[in-house]
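The basis for the numbers below is simple: all heavy atoms, side chains too, and nothing from hydrogens, waters or symmetry mates. Lettering of chains follows the sequences in order, A, B, ..., and the numbering in each one begins at 1.
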Amino acid sequence: MTTVQHSLKIYNTLSGKKEAFNPITPGYVGMYVCGPTVYSDVHLGNCRTFCSFDMIYRYLLHLGYKVRYVRNITDVGHLTDDGVDRMAKGARVAQLEPMEVAQRYTVGFHDMMGILNTLPPSIEPRATGHIPEQIEMVQEILNNGLAYERNGSVYFDVPKFAAKQPGVYGSVSGRILDDLYAETRELKSQEEKNHPADFAIWMKARPQDIMVWNSPWSVGFPGWHLECSAMSTKYLGKTFDIHGGGNDLKFPHHENEVAQNHGACGCHPANYWLHTNMLLLNGKKMSKSDGNTITPTELFTGTSEHTSKAYSPMAVRFFMLMAHYRSTLDITDEALMAAEKGFLKMMETNRLLQAISVNAKDFDGSETETDRAILALVQDAYDGMNDDFNTAIAIASLNEIGSYVHKLTNKQMDAAEVSPWVIERIKTVFQAFLFDIFGLKDESTSGADSQTVEGLMRLILDIRGQARAQKDFATSDKIRDALTEVGITVKDGKEGVTWSK
RNA sequence: GGUUUCCUGGCCGAGCGGUUAGGCACAGGUCUGCAAAACCUGCUACAGCGGUUCGAAUCCGCUGGAAACCUCCA
């Protein structure tokens with residue numbers, strides 16, 4: 001297994017610093033990302049997180065790593081504020097079987113991930129498919145004396161764990177133990193717990209709970225955070241390389257996950273913890289519960305009150321890539337429009353670039369000043385990615401390279417200034433960055449009827465060319481105007497006429 | 001209330017002590033039958049006030065504003 005030589009640095013939530021990335025087994029990476037809870041349609045915030053990790057996954061692959069990417073589907077176990085299992089609650093409303101609800105939204109989730117062109121994870125385990133593993137883990141934690149049973153439920157003993165392994169609890173969310181203890185003092189419904197900071201790892205079912213399983217302690221269901229501990233351990237081992245998720249999962253989800261893993265095996269689950277930042281709408285976090293949200297579908301169809309028009313999935317993906325994954329990103333119509341334009345231009349640039357034909361025989365190994373400038377920009381792009389996946393830097397560098405591409409194709413600079421081998425290099429780099437790493441698609445050339453359109457356009461532009469040759473501008477402008485109306489731009493360049501949508 | 005983060009030009013958004021980020025918008029120019037596109041040029045900002053430093057958007061303090069977490073949430 002050989003990897004591309006690199007100096008990848010990753011911001012680790014545990015240390016609060018960027019660290020050199022060194023996987024446990026050279027050449028291999030184990031990565032676990034907290035997946036969606038499938039009780040309603042995915043919202044855009046989820047999409048940003050999964051797009052971010054998709055980019056991270058893709059870049060690791062690009063560097064030559066063999067990556068096992070595990071992303072779970074949560075179809076059980078999270079409680080709502082009224083104490084009813086979320087899946088069960090959804091089911092009751094829709095009069096459906098809980099698993100039917102889960103299935104429907106799982107399919108919807110996969111569809112959306114496909115639309116956004118994310119790669120499927122290597123393994124996508126479901127919480128309901130791993131009940132025995134979770135029960136086993138509860139037992140291990142009990143055996144290690146870090147949990148206690150109370151009326152059929154099992155609770156993790158936070159103070160005991162904190163005393164046994166100082167400095168661990170609170171390390172993910174950056175919290176001070178005393179603060180955590182103080183904060184939880186106000187919560188209600190804690191009668192069974194020894195301490196308010198304790199959390200359930202097995203819950204005894206009440207009559208209204210529908211999704212329940214047998215266990216040594218009661219008929220019930222696993223605790224809120226247990227699935228990720230159990231499934232990451234099962235598929236990636238007790239300690240693996242990267243654990244990711246949204247910023248809002250740091251506490252309590254990830255904090256408790258770490259505690260559970262320690263409680264079961266005495267070791268830390270992941271070396272690098274990555275957290276993506278929130279997508280903002282109207283300057284506030286998008287959230288299903290308070291209605292400050294825009295669905296991906298609304299965005300793609302332009303039916304949201306928050307946008308003036310429809311934005312394509314790839315324009316949205318590009319919009320996300322223009323910001324760093326650890327920064328909040330505010331959705332505004334203006335920003336989306338800017339991103340869309342930037343995306344379309346980038347795609348056009350790449351089409352022009354790939355169409356440049358160079359003669360490999362021209363390669364004489366020499367290097368012009370422009371060559372060096374372009375190669376430095378390529379290096380900038382990689383340096384950006386290696387610096388905690390800074391896609392904004394990479395895009396900026398590609399934009400600058402793109403300007404050379406346009407100058408070349410428009411004869412605005414001497415073709416001799418760029419060596420053929422450098423052209424070949426940036427052809428490869430553009431393909432790699434745009435499609436392999438950023439996960440973009442050229443939407444203008446996709447579609448089954450693109451060949452038909454191509455043929456028609458050739459005919460139309462040919463007729464227009466004849467009109468122009470005869471200085472019949474009335475006809476040529478009529479054709480151009482008509483095409484403009486259906487969204488096709490005609491460009492009369494020095495090298496002939498081109499068009500784009 | 002506690003903890004943490006953020007505040008960059010018209011807008012979005014990089015930046016992690018010294019160098020033009022980049023995109024979009026806008027203005028002027030080149031090219032063009034006219035456009036469009038592209039290219040060139042311009043717009044040169046870092047919430048405010050102090051401090052550290054030869055030098056700060058970048059480090060420290062205070063003030064102001066916003067957000068996140070503390071409760072299910074990517």
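One interatomic measurement links the two molecules: CG of A/L177 to C1' of B/U3, which rounds to 14 Å at whole-angstrom precision. The distance from atom CG of A/L321 to atom C1' of B/G13 is 13 Å, rounded to the nearest whole Å. The distance between atom CG of A/N72 and atom C1' of B/C73, rounded to the nearest whole Å, is 14 Å. For the pair A/D383 CG and B/C16 P, the interatomic distance rounds to 12 Å; values are reported in whole Å. Rounded to whole angstrom, the span from the CG atom of A/N247 across to the P atom of B/A74 amounts to 13 Å. B/U4 atom P lies 17 Å from atom NZ of A/K17, rounded to whole Å. A/H43 has its NE2 atom 6 Å from the C1' atom of B/C73, to the nearest Å. Rounded to a whole Å, the CD atom of A/E255 is 14 Å from the C1' atom of B/U4.
Within 4.0 Å (heavy atoms only), A/K471 reaches no atom of the nucleic acid at all. Nucleic acid contact for A/G245: sugar-phosphate only, since backbone atoms but no base atoms lie under 4.0 Å from a heavy atom of the residue.
Taking 4.0 angstrom as the limit, A/K407 places none of its side-chain polar atoms (N or O) nearer than this to OP1 or OP2 of B/C39. At the phosphate of B/C73, neither OP1 nor OP2 sits under 4.0 Å from any side-chain N or O atom of A/K250. When the side-chain nitrogen and oxygen atoms of A/K341 are compared with OP1 and OP2 of B/A25, one or more of them lie within a distance under 4.0 Å. The shortest distance between the side-chain N/O atoms of A/T328 and the OP1/OP2 oxygens of B/A68 is not below 4.0 Å. Taking only side-chain nitrogens and oxygens, A/N390 comes nearer than 4.0 Å to OP1 or OP2 of B/G15. At the phosphate of B/G22, neither OP1 nor OP2 sits under 4.0 Å from any side-chain N or O atom of A/N399.
As the counterpart of B/C69, B/G2 is assigned, both hydrogen-bonding distances of the Watson-Crick or G-U wobble pattern falling under 3.5 Å. Applying the Watson-Crick and G-U wobble criteria (two distances, each under 3.5 Å), B/A37 pairs with nothing in any strand. Pairing partner, B/G9: none, since no Watson-Crick or wobble contact has both distances short of 3.5 Å. Base pairing of B/A47 is made with B/U63, judged by Watson-Crick or G-U wobble geometry with both donor-acceptor distances under 3.5 Å. Taking a pair to require two hydrogen-bonding distances under 3.5 Å in either a Watson-Crick or a G-U wobble arrangement, B/G42 pairs with B/C26.
Side-chain atoms of A/R175 lie closest to B/C70 of the nucleotides B/A25, B/C70, B/C73. The nucleotide whose nearest atom lies closest to any side-chain atom of A/T276 is, among B/A74, B/A38, B/A14, B/A74. Closest contact between the side chain of A/A338 and the listed nucleotides B/G33, B/G23, B/G13 involves B/G23. When distances run from any side-chain atom of A/E400 to the nucleotides B/G22, B/G13, B/A36, the shortest one goes to B/G22. Residue A/R468 has its side chain nearest to B/C34 when only B/C12, B/A14, B/C34 are considered. Comparing atom distances between the A/R326 side chain and each of B/C16, B/A38, B/A74 picks out B/C16 as nearest. Considering only the side chain of A/L279, B/A74 comes nearest among B/G15, B/A74, B/A35. Proximity note for A/M322 (side chain, C-beta onward) versus B/G22, B/A74, B/C40: the nearest is B/G22.
In terms of polar N and O atoms assigned as donor or acceptor, the side chain of A/D477 comes within less than 3.5 Å of the base of B/G33 in a complementary pairing. You'll find a donor-acceptor pair under 3.5 Å spanning the side chain of A/R480 and the base of B/C34, going by distance alone. In the interface, the side chain of A/D330 is not paired with the base of B/C11 through any donor and acceptor atom under 3.5 Å apart.
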- request: Quick one: do A/I331 and A/L336 satisfy side-chain contact (heavy atoms from CB on, under 4.5 Å)? Show the steps, please.
  value: CA-CA 7 Å; A/I331 291 199; A/L336 284 166; 4.0 Å; yes

- request: Would you check, one step at a time, whether the test side-chain contact (heavy atoms from CB on, under 4.5 Å) holds for A/Y57 with A/S122?
  value: CA-CA 10 Å; A/Y57 175 44; A/S122 325; 4.0 Å; yes

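Taking 4.5 Å as the limit, some side-chain heavy atom of A/D248 sits within range of a side-chain heavy atom of A/M278.
For the atom pair CG of A/L281 and NZ of A/K285, the computed distance is 13.5 Å after rounding to the nearest 0.5 Å.
The gap from the P atom of B/C70 to that of B/U63 amounts to 27 Å, rounded to the nearest Å.
A/S173 pairs with exactly one of A/E255, A/H253, A/H254 by the side chain to side chain donor-acceptor pair (under 3.5 Å) rule, that one being A/E255.
The aromatic rings of A/Y59 and A/Y382 sit tilted relative to each other, their planes meeting at an angle between 30° and 60°.
A distance cut-off of 5.5 Å between ring centres, combined with a plane angle under 30°, leaves A/F50 outside any stacking arrangement with the base of B/A74.
Electrostatic pairing of A/E340 and A/K309 counts as a salt bridge here, judged by a charged N lying under 4.0 Å from a carboxylate O.
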